[in-house]
*Asks:* 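Sending over a structure as structure tokens; questions will come in a sec.
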2 protein chains.
Amino acid sequence: MSQQRTGGPGNTPGSPDFPDLPEATVARLPEYLRALHALAEAGHDTASSEALAAAAGVNSAKLRKDLSHLGSNGTRGVGYNVDRLIRQIEHVLGLTVLRAVALVGIGNLGHALAGYAGFANRGFHIAALFDADQELVGRLINGLTVRHISDLAATVVEEKIAIGVIATPAHAAQAVADILVTSGVTSILNFAPCVLSVPEGVDVRKVDVAVELQILSFHEHRKAAALTGAVTL
Amino acid sequence: MSQQRTGGPGNTPGSPDFPDLPEATVARLPEYLRALHALAEAGHDTASSEALAAAAGVNSAKLRKDLSHLGSNGTRGVGYNVDRLIRQIEHVLGLTVLRAVALVGIGNLGHALAGYAGFANRGFHIAALFDADQELVGRLINGLTVRHISDLAATVVEEKIAIGVIATPAHAAQAVADILVTSGVTSILNFAPCVLSVPEGVDVRKVDVAVELQILSFHEHRKAAALTGAVTL
DNA sequence: CGCGATTTGTGCACTCGTTCACAAGCGCAT
DNA sequence: ATGCGCTTGTGAACGAGTGCACAAATCGCG
Ligand SMILES: NC(=O)c1ccc[n+]([C@@H]2O[C@H](COP(=O)([O-])OP(=O)(O)OC[C@H]3O[C@@H](n4cnc5c(N)ncnc54)[C@H](O)[C@@H]3O)[C@@H](O)[C@H]2O)c1
Ligand SMILES: NC(=O)c1ccc[n+]([C@@H]2O[C@H](COP(=O)([O-])OP(=O)(O)OC[C@H]3O[C@@H](n4cnc5c(N)ncnc54)[C@H](O)[C@@H]3O)[C@@H](O)[C@H]2O)c1
């Protein structure tokens with residue numbers, strides 16, 4: 001029943017330190033962060049909303065409004081201080097601590113994720129790998145030993161893991177989610193094509209490649225129809 | 001500059017055959033499709049909006065409204081005919097033809113995608129693999145030979161490929177996108193963490209795992225703040 | 001020190017999406 | 001045939017998100 005967005009019990013409408021942002025804004029902050037890192041690397045130490053918006057692929061008015069939600073960070077007539085804004089966004093996203101992640105299901109996709117360098121640069125540390133297959137348990141992947149799923153609970157506590165990634169087949173995903181939640185994980189990223197049911201207070205996000213392709217397919221279909229339609233006109 | 005959503009030139013507001021759906025609805029149809037397949041496999045040949053909504057992880061009113069956009073497909077007092085609805089949604093999404101996909105960048109992630117069985121069941125066929133690395137070119141992966149990126153244009157035409165998937169490092173993604181577009185691809189799924197600039201008429205969708213984790217991180221941070229806040233209260 | 005060029009922050013109008021609540025429609029049992 | 005219970009389809013109210021357009025603020029320069 002319960003799924004995705006879950007407000008806390010008290011549902012703090014906006015603590016002093018924490019301006020509780022619109023969800024759409026939250027979803028774009030990581031993009032801004034990436035764009036800012038790119039600009040910083042390119043030597044800019046200041047960036048206008050126009051420049052930053054272009055780098056992040058959004059409209060500049062939207063970017064300014066988004067940033068205004070985290071307080072005034074820019075200087076009129078000048079733009080935003082790149083380093084300062086990076087720190088600001090990282091603070092808001094809770095990326096000042098390196099977050100430990102558990103990866104469950106070390107198959108095709110799990111292997112790729114385990115070997116992905118892009119996590120470390122973006123605030124995450126894969127702390128442990130799990131699988132149910134005894135063939136895999138004990139194997140070393142990218143410096144980490146695959147552990148049996150039955151060790152998950154202990155490891156989650158030990159390594160202070162709050163985020164779990166599910167890369168198992170769909171039929172196993174709910175069971176894995178239950179284990180994760182029971183072990184104390186409160187955020188899940190699910191690659192299996194299925195709906196997960198989790199208690200309130202646990203956040204779930206889903207990545208489904210086939211869904212993305214199907215959305216593209218729809219637009220392909222529409223474009224083709226528009227074309228043949230134009231011909232018959 | 002131009003990016004994502006691009007209406008056709010004539011911008012058909014809604015052809016007779018094609019009710020041009022709200023984008024939010026389009027994004028959910030694949031979920032409904034998956035849920036329907038699951039129900040069909042479980043032996044149901046009819047499903048109420050309530051049941052289907054639960055299986056797809058949405059609210060039933062939303063589901064009914066979404067489906068009403070593709071015409072009346074249900075029977076009052078009974079529900080939806082599962083098989084009929086599957087066909088209907090597949091038709092709307094343009095999944096009645098098996099769509100050919102080109103995969104570019106056969107590294108860590110590309111390997112996983114190339115070996116993914118989940119595409120075939122959901123309307124897609126990986127028609128060709130490309131990489132710039134001569135070491136990889138010629139290698140056989142899951143029954144497909146990796147070709148050099150310079151062969152892309154010819155292959156796209158030959159195999160009638162309209163969708164490209166980019167799984168190269170970010171610094172190569174724009175160049176690859178340009179090649180894809182020049183070759184005639186009109187839809188791109190981008191796994192590289194960067195913004196792509198494409199001409200109008202080309203659709204781009206992006207999957208960024210780190211972004212998903214960062215959004216989860218935000219909510220983790222918020223949950224933690226709410227908790228410590230409650231303690232000090 | 002004042003002025004013009006520039007860029008932020010935001011009020012406002014608008015579009016898009018969600019949810020409620022219920023009338024209309026359907027099948028079944030009697 | 002008629003009525004009853006169930007479920008769809010949808011009008012209407014609401015809420016979230018977007019984009020425009022401009023006033024307020026800052027800087028550099030003369
Ligand atoms: N391979 C891809 O590129 C890709 C792309 C998109 C989505 N996915 C999805 O990701 C998931 C994994 O895909 P894959 O190709 O890696 O599959 P896979 O079969 O290669 O790997 C699945 C792994 O999960 C393990 N597993 C099974 N049950 C388990 C359990 N109860 N606890 C712990 N581990 C368990 C298996 O031992 C196996 O190692 C699937 O749901 C798939 O649909 C994969
Ligand atoms: N590995 C993951 O799990 C993962 C997860 C999320 C996102 N990503 C993203 O996906 C992309 C690929 O990741 P990866 O881990 O597979 O990297 P990788 O380095 O293992 O593979 C990249 C491949 O792209 C090829 N390539 C480079 N330039 C090319 C060009 N111009 N034309 C064609 N091919 C070219 C390389 O030869 C290599 O084979 C990256 O952008 C990464 O950020 C990866």
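Just so we're on the same page: letters track the sequence lines, and every chain starts at 1.
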*Asks:* Looking at B:Glu31 and A:Lys206, does any basic side-chain N land under 4.0 Å from a carboxylate oxygen?
*Replies:* yes
*Asks:* Give a yes/no on whether any side-chain N or O of B:Ser49 is located under 4.0 angstrom from OP1 or OP2 of D:dT8.
*Replies:*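 Affirmative; the distance criterion is met.
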*Asks:* Measure the distance from NE2 on B:His44 to C1' on D:dT7 and round it to the nearest whole Å.
*Replies:* 16 Å
*Asks:* So that I can tick it off, tell me whether A:Lys223 and A:Glu220 are bridged by a salt bridge, with the cut-off set at under 4.0 angstrom between side-chain N and carboxylate O.
*Replies:*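 Result for this pair is yes, salt bridge flagged.
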*Asks:* How would you summarise protein contacts on nucleotides 20-30 of chain D per nucleotide, using B for base, S for sugar-phosphate only and - for none, with heavy-atom distances below 4.0 Å?
*Replies:* BB--BBBS---
*Asks:* If you compare every side-chain N and O of B:Tyr80 against the phosphate oxygens of C:dC26 (OP1, OP2), does one of them come in below 4.0 Å?
*Replies:*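 No, because none of the side-chain N or O atoms of B:Tyr80 sits under 4.0 Å from OP1 or OP2 of C:dC26.
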*Asks:* Between atom CG in A:Asn73 and atom C1' in C:dG9, what is the gap in whole Å?
*Replies:*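 In whole Å, C:dG9 C1' lies 11 Å from A:Asn73 CG.
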*Asks:* Output the rounded distance in Å from CD (A:Glu50) to P (C:dG9).
*Replies:* 14 Å
*Asks:* Over how many whole Å does the gap from B:Asp20 atom CG to C:dG17 atom P extend?
*Replies:* 11 Å
*Asks:* What's the NZ-P distance between B:Lys62 and D:dG9, to the nearest Å?
*Replies:* 18 Å
*Asks:* Ignoring backbone atoms, test whether B:Ser72 places a side-chain nitrogen or oxygen under 4.0 Å from the OP1 or OP2 oxygen of D:dG9.
*Replies:* yes
*Asks:* Between atom CG in B:Leu29 and atom P in C:dG17, what is the gap in whole Å?
*Replies:*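 The distance from CG of B:Leu29 to P of C:dG17 comes to 13 Å, rounded to the nearest Å.
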*Asks:* Answer yes or no: is there an ion pair linking B:Arg122 with A:Asp208, defined by an N-O contact shorter than 4.0 Å?
*Replies:* yes
*Asks:* Can you tell me if B:Ser197 and B:Gln174 form a side-chain donor-acceptor pair at under 3.5 Å?
*Replies:*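 The criterion, which ignores hydrogens and geometry beyond distance, is not satisfied for B:Gln174 and B:Ser197.
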*Asks:* Under 3.5 Å, is there a donor-acceptor pair linking the side chains of B:Thr25 and B:Asp66?
*Replies:* yes
*Asks:* If we count only N and O atoms by modelled type, under 3.5 Å, do the side chains of A:Glu90 and A:Thr96 hold a donor and an acceptor together?
*Replies:* no
*Asks:* Measure from CD on A:Glu23 to P on D:dG15 and round the result to the nearest Å.
*Replies:*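 Nearest whole value for this atom pair: 18 Å.
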*Asks:* What is the distance from CG of A:Asp66 to C1' of C:dT8, rounded to the nearest Å?
*Replies:* 14 Å
*Asks:* Determine, for B:Glu23 against B:Arg28, whether the closest basic-nitrogen to carboxylate-oxygen distance falls under 4.0 angstrom.
*Replies:* no
